[in-house]
2 protein chains.
Amino acid sequence: MNLKQLSHMLSLSQTTVSRALNGYPEVSEETRRRVMDAAKRHGYRPNPSARRLATGKSGMIGYVLPTGNAVDIDPHFVEFLSGLGDYARSHELDLVLSPADADDEETTYRRIVANRQVDAVYISSPRPADRRLALVNTLGIPFIVHGRSEGFGFDYSYLDIDNEGAFHEAARLLLQLGHKRLALINGDDRETFAIHRERGMRRALAASGLTLGERHICSVTMTEENGYRAARRLLEDSEPPTAIACSSLIMALGVVRAVRDLGLTIPGDLSLVAHDDVFPWLRPENFPVPLSTTRSSIRLAGARVAERLAARISGLEEGARGEVWPVDLVVRGSVAGAPA
Amino acid sequence: MNLKQLSHMLSLSQTTVSRALNGYPEVSEETRRRVMDAAKRHGYRPNPSARRLATGKSGMIGYVLPTGNAVDIDPHFVEFLSGLGDYARSHELDLVLSPADADDEETTYRRIVANRQVDAVYISSPRPADRRLALVNTLGIPFIVHGRSEGFGFDYSYLDIDNEGAFHEAARLLLQLGHKRLALINGDDRETFAIHRERGMRRALAASGLTLGERHICSVTMTEENGYRAARRLLEDSEPPTAIACSSLIMALGVVRAVRDLGLTIPGDLSLVAHDDVFPWLRPENFPVPLSTTRSSIRLAGARVAERLAARISGLEEGARGEVWPVDLVVRGSVAGAPA
DNA sequence: CAAAACAGCCAAAGCGCTTTGGAGCACTCT
DNA sequence: AGAGTGCTCCAAAGCGCTTTGGCTGTTTTG
C-alpha cells in the first residue's frame, strides 16, 4: 500500500493525502479525518526510503563507534544504550552505529553527514578541544555531547554530570573524617570527565591547605587489573594514602583485591569511595565492605540524550544548551575516620 | 556531485556511468576506466538514499534491541559489538539498533523488514523454539543467529560455541580431581546456551554414575549479586558442593565473595570454574585465586557474525549454515583435588 | 553474403515520497 | 461589478539512483 494507491482509493491527489497525513494546514479537517482514517484502516506506512530521498531526513540518530584491535568499547556504553533505547523505543527512533577506525573517525563523520544517514549524532567521552566536536560543528549536523569539552570558539549542546562537584564532595567527606593523605585513581586523564574529577578533588584539598601529590594520582583505563595495580603502587609507597577516590566500580574491584593482598582492611586502613555509573550487574552495596559512591545513572543520561536529540531534530530544542546533573554522594561502610 | 553531473561531464549517459561503476559487463574496459577515474577524481559517492529507493537495499545490518524498565542489556553485548565493529569498519557496513519493547519485539521486526531498513539482521540469546527465528524466517530477511535455537521445521544459519562440550569438559576435570558433589550456577535457563551447559555437565556426571541434584543447580540472570546468593545457598546446604561451575565471570565474582564470607577458601574447600567470554576489564587470571575458565572470545564471534552477514547479503553465503566453535578449557589455581 | 549474434551505448521509466506553483471556488470588500 | 482574499485541492516537478528495452554499428556464422 503506497501513497499512490491510497490517494487513488480516496479519489484525492497524492499531494493532499501527503499533506493530510503530515499535518499541513492546507487541508480541510474533514478531508484530513477521512485520509487519516483510511490510512489507518489500510495500514499505510510511508516508505522511509522514499521519504528520505525527498526530504533528506532519515529519522535516525547516529553514533560513530571507535573500533580497532587495541580499542575496547567501554562497558558503560551498554548502559547508556539501554537508556537511549528506553526513550527511542517509544518514538520509533533508531540508532545507527557506524564503526570507525579509532585513529580516523573524521572520515566516518564526513561520510554519515554527506550521506545524510542520520539526522543527528551524539558524541561521548569527549576530550578538551575534542576534534570531533569541531568537526560536527562545521559539518552542521545537530549533535549533543555526552560529557563536556573545553576550549572552543563556539558553544554546543551537552549533557554532563557534575564530576567536579562529585569528587569535591567525596574528598570533602574524607577530609572531614580526618584523612590527610588522599589519592585518586582516575580514568584516562585525556578525557574531560577525569580532568574535572581531579579538579574537584584538588579544590577540596586546597580548601584544607592540602595538595594531591604526584605520587597520589593515577590515570589509567578503567579495568579491574589497572585498579589493582594502581592501588598496589599507592599502598606500597612509603607514604601510603589513607583514603582513595576511584573513578569506577570496576577499578574499585581491583582496589579491594589489592587491599586484601596486602593484608589491609577497609575501612580500617583505607577508606574508599568510587564513582558508580549504576550497573545492574555490579552494585556497590554488595562489595565485601559496602562501597561509598558518587552515583549517577548513566542509563538515565542515555534516555535524556535521546530525548534531547529528538527534540533537536524536530526543532523543539535550539541553540547550544548545556545541562549538568548533580551527583549523589552515597555513604556506606567503606569510609571511616583516618587511622591514628 | 551526483550521477547526472558526472555523466554529463563525461559525455556519457547515466546508465553507462552507473553500470561502469557497479561492474556490469555491458561497458567497455576503456570506458569503465575513464568513469572510475573521473569518479575518484571528483570524489563522487552515490547517494545511498537514492540507491536505496531504487534497489531496496540499504547496506546496513540490523539488530532489534530489547528494552524496557525491567530489561538490562547484557554487558556481553558490548563485546560482541566490538567484534562486529572490527569487521564492519573496514567494509563501511553500519549497524542499525532498533529498540523494541521486550514484550513485543515482533512489531519492530515487522517494521524494519517492511521498511527495508536493513538488509540482514542477527539475533542473539535465542531460546528453544524462539519466536523471533520463526518470524524472521517467514519474513524472509537474511539472518544469522548468535547462539542456537531448537525445535523448528526449518534450518537456519547460526554461529554458536560448544557450550555443552565446554561444560562437559569442565565437569570432567572436576570429577577427575575426585569431586563428587558438583553444582552449577547457570544463566537464565530459558536460553539455549544455559540448557546446553547444563546438558554437558549432566552428561559428564552421568558418565561417572553421578547426577546433578535439584539443590545443586541454580538459574539466574548473571549479576554479581545473584552469583553471591546462589553460592551462599549452595554452600550453606547440608550437603554443600565441593566444586562449582559458573556461567559467567561476573557471577564468579559473587561466588568468590560468598566463599570468603563463609570463611572458606578456594580451592581448598571449593573448586571453581567459570565461563569466560573474555572481557578486557575483568580477567580470570586476576581473580584473588586465578580462575579456571572455559574460554571463548565473544568479540571474535561478533566479527565472524558480521563477516557472515556481509557474505549473506552479497550472496556469497547461502542456505542454512551452522558453525560451532570449540571452547578452550583453561586451568588455573581455582581447582584442586576434592577435600577429604 | 544475408542473417544472426554481439558489444557498447542511450533514453526513459521507474522507486514512493514531498513540495512548488498554481487553479477553482465562494466570499468579502470597494 | 470587479478586484481581492482565503480556503481546498491538484498536476507535475523534483530527490538521485537502477534497470528495462532498444538502438547502433561491428563481428561472427551458416
Side-chain angles (χ1 to χ4, degrees), chain A residues 1-36 38-39 42-60 92 111-119 313-315, chain B residues 1-36 38-39 42-60 92 111-119 313-315:
Chain A
M1 168 66 45
N2 59 21
L3 187 61
K4 194 166 175 181
Q5 294 167 33
L6 184 66
S7 57
H8 188 256
M9 184 165 282
L10 286 160
S11 302
L12 284 171
S13 73
Q14 294 189 34
T15 310
T16 304
V17 175
S18 170
R19 289 193 153 144
L21 258 24
N22 293 326
Y24 282 74
E26 308 92 327
V27 57
S28 73
E29 274 316 309
E30 196 211 318
T31 309
R32 188 189 306 281
R33 226 181 302 279
R34 259 183 69 217
V35 171
M36 292 284 214
H42 295 86
Y44 168 74
R45 314 247 330 167
N47 177 317
S49 304
R51 168 174 276 175
R52 213 159 136 161
L53 180 58
T55 63
K57 300 272 162 193
S58 68
M60 305 201 277
E92 288 199 6
R111 172 170 66 83
I112 65 177
V113 170
N115 288 353
R116 298 173 158 272
Q117 287 196 2
V118 296
D119 297 340
I313 288 171
S314 60
Chain B
M1 169 66 46
N2 59 21
L3 187 59
K4 194 167 174 180
Q5 294 167 31
L6 184 65
S7 57
H8 188 254
M9 184 163 284
L10 286 161
S11 302
L12 285 171
S13 72
Q14 294 190 35
T15 310
T16 304
V17 175
S18 170
R19 288 190 155 143
L21 259 23
N22 293 325
Y24 283 75
E26 307 94 325
V27 55
S28 75
E29 275 315 310
E30 196 213 316
T31 307
R32 189 189 305 282
R33 229 182 301 279
R34 258 183 69 217
V35 171
M36 292 284 215
H42 295 86
Y44 168 75
R45 314 248 329 168
N47 178 317
S49 304
R51 169 174 274 176
R52 204 156 145 166
L53 180 57
T55 64
K57 300 272 162 192
S58 67
M60 304 200 278
E92 287 199 7
R111 171 170 67 83
I112 65 177
V113 171
N115 289 353
R116 297 172 157 274
Q117 288 196 3
V118 294
D119 297 340
I313 289 172
S314 59

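Labels below follow one simple rule: chain letters A, B, ... track the order of the sequence lines, proteins then strands, and each chain is numbered from 1.
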Q. Run the side-chain hydrogen bond (donor to acceptor under 3.5 Å, both in side chains) check on A:T15 and A:S18 step by step: do they pass?
A. CA-CA 5 Å; A:T15 310; A:S18 170; over 6 Å; no
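Under the 3.5 Å distance criterion, with hydrogens and angles disregarded, no donor-acceptor pair is assigned to the side chains of B:R52 and A:N47.
Side-chain nitrogen and oxygen atoms of A:T31 include at least one within less than 4.0 Å of the OP1 or OP2 phosphate oxygen of D:dC9.
Annotation: A:R116, atom CZ; neighbour count of heavy atoms from other residues, nucleotides and ligands within 6.0 Å does not exceed 12.
Straight-line distance from the CD atom of A:E29 to the P atom of D:dG6: 19 Å, rounded to whole Å. Separating the CG atom of B:L10 from the P atom of C:dC10 is a distance of 10 Å, rounded to the nearest angstrom.
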(Q) Can you build the contact string for nucleotides 15-25 of chain D? Use B for base contact, S for sugar-phosphate-only contact, and - for no protein heavy atom under 4.0 Å. (A) BBBBBBB----
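Across all strands, B:S7 comes closer than 4.0 Å to no nucleic acid atom at all (heavy-atom distances).
Remark: A:A38 engages A:L6, A:L10, A:R41, A:H42 in a side chain to side chain contact (heavy atoms under 4.5 Å, CB included) (not counting sequence neighbours). The salt bridge (charged side-chain N to carboxylate O under 4.0 Å, His left out) test applied to A:R33 returns no partner, not counting sequence neighbours. Listed by chain and residue number, nothing satisfies the side-chain hydrogen bond (donor to acceptor under 3.5 Å, both in side chains) test with A:T55 (two or more places apart in sequence, or in another chain).
In the helix from C:dC1-D:dG30 to C:dT30-D:dA1, the rotation axis of the first five pairs and that of the last five pairs differ in direction by 50°, rounded to 10 degrees.
Screening residues 15-32 of chain A for salt bridge (Lys or Arg N to Asp or Glu O under 4.0 Å) gives A:E29-A:R32 as the qualifying pairs, with residues at least two apart or on separate chains.
In this structure, the separation between CG on B:L21 and OH on B:Y44 is 6.5 Å, given to the nearest 0.5 Å.
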